[in-house]
Amino acid sequence: MRIETFLKTLACVSIATAYPNFKDILPNGNGVPHPCKANYVWHGVGHTNPLGGGSRNQFGLDFKAAGTSWTSELCRKDSDGDGRTNGEELGDPDCVWKQGDFPSRLTDITHPGVCTLSDGSVCDADKGWVDCQVEDGLKNCEVMKEPETLNETIRFPETAVPAEETTYSCMIFNLPSDQDYHLMAYEPYIDNEMVMHHILIYGCDPNEDPVPDEQLNTVTKCGMGAGGSCNKMIGLWAVGFPGYCIDGPMGFRFGKSGFKQAAIEFHWNNPQRVADWKDSSGVTLYYTPKLRANDAAIMQTGQSHIEIPPGQQSYTVVGKCHSECTRTLIQAPINIFWATNHMHYLGHEMNIQVYRDGVFYTELTNDAIYNYDSPVETKYSTAVQVLPGDEIVTTCKYKSLSRPKTTFFGDATSDEMCFGFMAFYPAANMPFSTCTAWKDISMCNLWITREHEECKWSDFMFVNVNETKRVKDEVMANCKPFGNCLSECKATLEVLFAEHPCMKGDVYELIRQMSLQLDNKEMQAFIVAADSCKAEMAADAYLQNLQNDNTNGSDRLGGISSVLLTLIVYIMKK
């Protein structure tokens with residue numbers, strides 16, 4: 001048992017059990033922002049502690065006096081004395097909201113228990129108990145005190161932050177390469193806390209051509225993940241983390257026989273789309289020539305297909321790193337010494353579990369009460385060994401009571417994620433360390449074996465020869481993109497959807513999505529052509545099922561006449 005994780009979890013549970021149901025009976029109760037810490041949420045709205053529990057603020061006292069209910073009187077009261085009613089601050093200015101409904105306003109929410117001025121600053125009366133300091137920097141990291149330890153701060157040059165909700169920007173830089181070093185610690189240097197969401201550090205493959213000098217230390221827009229050969233994660237920071245310090249027989253190798261270049265990735269979060277913000281944040285790296293016994297790496301698990309319906313008390317998403325994947329990816333036992341969970345603001349519970357031979361073996365993380373603003377690091381005094389053939393299951397639970405629309409997987413904090421990050425050693429035992437899923441498809445099958453259930457997806461998407469060419473040519477010859485469903489197209493697709501492994505179910509859906517993400521124009525044209533008959537074929541299948549049920553004595557047709565049934569199918573096809 002990891003004692004530090006147990007104590008943190010116990011503390012979180014004891015605090016959180018005081019208020020989680022109360023948040024649900026307040027309009028926008030799950031999304032009240034901290035008045036002076038950008039990108040933080042005040043979870044215990046009625047308490048002086050942002051996490052909840054303990055003494056109440058004035059709104060909490062008024063809420064208790066109202067019978068812990070959202071009443072018209074409580075709504076019209078100005079608990080914090082800043083000139084705005086509680087209803088105005090929580091998005092229910094007309095005091096008509098009822099539990100289960102969506103408030104009339106979901107944006108520009110302010111704290112009803114903290115007095116704030118028109119410029120957003122906290123009133124003098126509340127400054128004594130509202131903590132506006134963002135904790136940064138590591139404390140009690142022994143390796144930083146060793147005489148051999150060196151440090152270097154890598155920062156973006158001052159860069160204009162785009163007036164967009166979410167921006168990913170990357171910069172590649174040289175690492176010291178006169179000898180070998182181990183990266184042992186890093187801490188953030190946050191220049192503009194109003195926009196900084198997270199920072200990732202990637203090592204660039206030393207076997208690939210290095211980035212030319214003229215392209216180094218230049219900020220460019222990038223997607224989630226630095227891309228190219230810079231794809232080995234060696235560090236991460238997110239809101240709430242002070243940094244990271246390794247205390248053990250391992251480190252992230254760079255230098256003469258390791259990474260010689262690295263990429264730093266920023267995620268700027270600017271939901272108000274402020275046009276004049278700039279940022280020059282970065283990280284300070286602490287490294288040593290006093291090499292440890294093992295090289296470390298970071299593994300990623302989770303689920304990259306997320307569709308959370310609105311208004312859900314709890315919605316579960318699962319991502320599996322299947323046993324056949326770990327047999328391929330893990331070449332010999334690995335030892336996990338650190339782990340953390342990552343979701344966004346809808347996330348409320350998350351864990352990562354290991355199964356061995358189909359039986360539960362151990363738990364790597366367990367955030368019974370997940371808090372995006374206060375991520376929990378699980379550090380193991382004794383590393384947890386994971387073997388080839390083990391199954392790693394990542395489970396994420398979300399609460400979407402505050403959302404009127406479906407929430408999807410994505411980069412922005414208004415989107416959602418479900419990822420686990422685990423540091424392990426030795427790095428050589430798992431050269432490819434990403435084992436995420438898309439629905440129930442393990443991505444290792446796509447990127448390592450290039451195959452899923454006999455679908456050689458890489459050939460299907462990128463190689464236009466032999467069987468792949470035959471299929472594509474047949475569809476393009478018989479189907480009309482953006483047109484009506486032709487009879488010859490339907491006949492072709494009925495065979496392909498039934499027989500070809502790349503045209504079935506989730507595999508086909510994933511290929512469709514990847515053709516968009518990778519901007520593969522040829523595949524996009526193929527998908528549009530193949531989809532021209534999809535609705536009609538689905539309607540035909542539905543009709544056939546109804547007719548089969550009727551033949552078998554089922555009353556699902558309910559006496560529908562053939563004329564009416566034909567009309568229903570016609571409407572479905574339209």
Rounded to the nearest 0.5 Å, what separates atom [atom1] in [X] from atom [atom2] in [Y]?
X: Asn341; Y: Thr365; atom1: CG; atom2: OG1; answer: 3.5 Å
X: Thr436; Y: Met299; atom1: OG1; atom2: CE; answer: 12.0 Å
X: Asn269; Y: Thr413; atom1: CG; atom2: OG1; answer: 3.5 Å
X: Arg512; Y: Ile527; atom1: CZ; atom2: CD1; answer: 6.0 Å
X: Leu493; Y: Asn478; atom1: CG; atom2: CG; answer: 8.5 Å
X: Met350; Y: Tyr370; atom1: CE; atom2: OH; answer: 7.5 Å

Backbone N/O of [Y] and side chain of [X]: donor-acceptor pair under 3.5 Å:
X: Glu416; Y: His344; value: yes
X: Ser104; Y: Gly91; value: yes
X: Trp438; Y: Ser442; value: no
X: Asn429; Y: Ile334; value: no
X: Gln300; Y: Phe419; value: no
X: Asp531; Y: Val528; value: no
X: Thr326; Y: Gly389; value: yes
X: Asp295; Y: Phe254; value: no
X: Asn335; Y: Tyr425; value: yes

Are [X] and [Y] packed together at the side-chain level, in the sense that at least one heavy-atom pair is separated by less than 4.5 angstrom?
X: Phe424; Y: Ile298; answer: no
X: Met422; Y: Phe337; answer: no
X: Gln272; Y: Asp108; answer: yes
X: Thr340; Y: Thr378; answer: no
X: Glu265; Y: His198; answer: yes
X: Pro162; Y: Trp268; answer: yes
X: Glu467; Y: His500; answer: yes
X: Thr407; Y: Ile306; answer: no

Exercise for review: Could you go through the side chain to side chain contact (heavy atoms under 4.5 Å, CB included) check for Gln99 and Asp24 one step at a time?
Suggested key: CA-CA 7 Å; Gln99 188 174 359; Asp24 297 340; 4.1 Å; yes
Check your understanding: Under the salt bridge (charged side-chain N to carboxylate O under 4.0 Å, His left out) test, which residues partner Lys439, sequence neighbours left out?
Key ->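 Salt bridge (charged side-chain N to carboxylate O under 4.0 Å, His left out) check on Lys439 returns Asp506.
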Which atom pair, heavy atoms only, marks the closest approach of [X] to [Y]?
X: Tyr380; Y: Ala339; answer: OH-CB, 3.7 Å
X: Cys418; Y: Met343; answer: CA-CG, 4.5 Å
X: Cys489; Y: Ala529; answer: SG-O, 4.2 Å
X: Arg356; Y: Asp390; answer: NH2-OD2, 2.8 Å
X: Ser169; Y: Thr167; answer: OG-CG2, 3.7 Å
X: Gly311; Y: Phe102; answer: N-CZ, 4.0 Å

State yes or no: are the ring centers of [X] and [Y] separated by less than 6.0 Å?
X: Tyr398; Y: Tyr315; result: no
X: Tyr202; Y: Phe259; result: no
X: Tyr361; Y: Tyr355; result: no
X: Trp338; Y: Tyr244; result: yes

Verify whether one side chain among [X] and [Y] offers a donor that lies under 3.5 Å from an acceptor in the other.
X: Thr166; Y: Asp411; answer: no
X: Glu391; Y: His322; answer: yes
X: Asn371; Y: His43; answer: yes
X: Thr394; Y: Thr301; answer: yes
X: Glu536; Y: Asn484; answer: no
X: Glu165; Y: Ser414; answer: yes
X: Ser402; Y: Asn30; answer: no

Exercise for review: Report yes if the SG atoms of Cys533 and Cys485 are separated by under 2.5 Å, and no otherwise.
Suggested key: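 The sulfur gammas are closer than 2.5 Å, so yes.
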Review point. So, Cys222 with Cys170, SGs under 2.5 angstrom?
Key: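 Cys222 pairs with Cys170 as a disulfide (SG atoms under 2.5 Å apart), so yes.
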Exercise for review: Describe, in one word, how the ring planes of His267 and His197 are oriented to each other, choosing from parallel (under 30°), tilted (30 to 60°) and perpendicular (over 60°).
Suggested key: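 His267 vs His197 ring planes: tilted.
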Exercise for review: For side chain to side chain contact (heavy atoms under 4.5 Å, CB included), just list the numbers for Cys479 and Leu486, CA-CA rounded to whole Å, side-chain angles, deciding distance to a tenth of an Å, and then say yes or no.
Suggested key: CA-CA 6 Å; Cys479 300; Leu486 306 177; over 6 Å; no
Check your understanding: Do other residues, nucleotides or ligands put more than 12 heavy atoms under 6.0 Å from the CG atom of Asp357?
Key ->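 12 or below, so no.
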Point to revise | Heavy-atom neighbours of Lys260 NZ exceed 12 at 6.0 Å | key: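 Yes, the 6.0 Å shell around NZ holds more than 12 heavy atoms from other groups.
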Exercise for review: List the steps, then state whether salt bridge (Lys or Arg N to Asp or Glu O under 4.0 Å) holds for Glu324 with Arg327.
Suggested key: CA-CA 5 Å; Glu324 62 266 25; Arg327 286 192 191 96; 5.2 Å; no
Check your understanding: Between Lys534 and Glu494, is a salt bridge (Lys or Arg N to Asp or Glu O under 4.0 Å) present by the stated rule, with each step listed?
Key -> CA-CA 10 Å; Lys534 193 172 183 181; Glu494 284 174 345; over 6 Å; no
Exercise for review: Would you sort out whether Arg273 and Glu164 count as a salt bridge (Lys or Arg N to Asp or Glu O under 4.0 Å), showing the intermediate values?
Suggested key: CA-CA 5 Å; Arg273 293 173 170 79; Glu164 301 170 1; over 6 Å; no
Review point. Thinking salt bridges, do Glu474 and Arg470 make one under a 4.0 Å N-O criterion?
Key: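 Judged by the 4.0 Å cut-off on N to carboxylate O distance, Glu474 and Arg470 do form a salt bridge.
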Review point. Charged N to carboxylate O below 4.0 Å: is that the case for Glu307 and Arg403?
Key: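 No salt bridge links Glu307 with Arg403.
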Exercise for review: Go through Cys204 and Cys230 one step at a time and tell me if the disulfide (SG to SG under 2.5 Å) criterion holds.
Suggested key: CA-CA 4 Å; Cys204 304; Cys230 302; 2.0 Å; yes
Check your understanding: Under the side chain to side chain contact (heavy atoms under 4.5 Å, CB included) criterion, do Lys232 and Phe252 qualify, and how do the steps go?
Key -> CA-CA 11 Å; Lys232 296 287 187 180; Phe252 296 92; over 6 Å; no
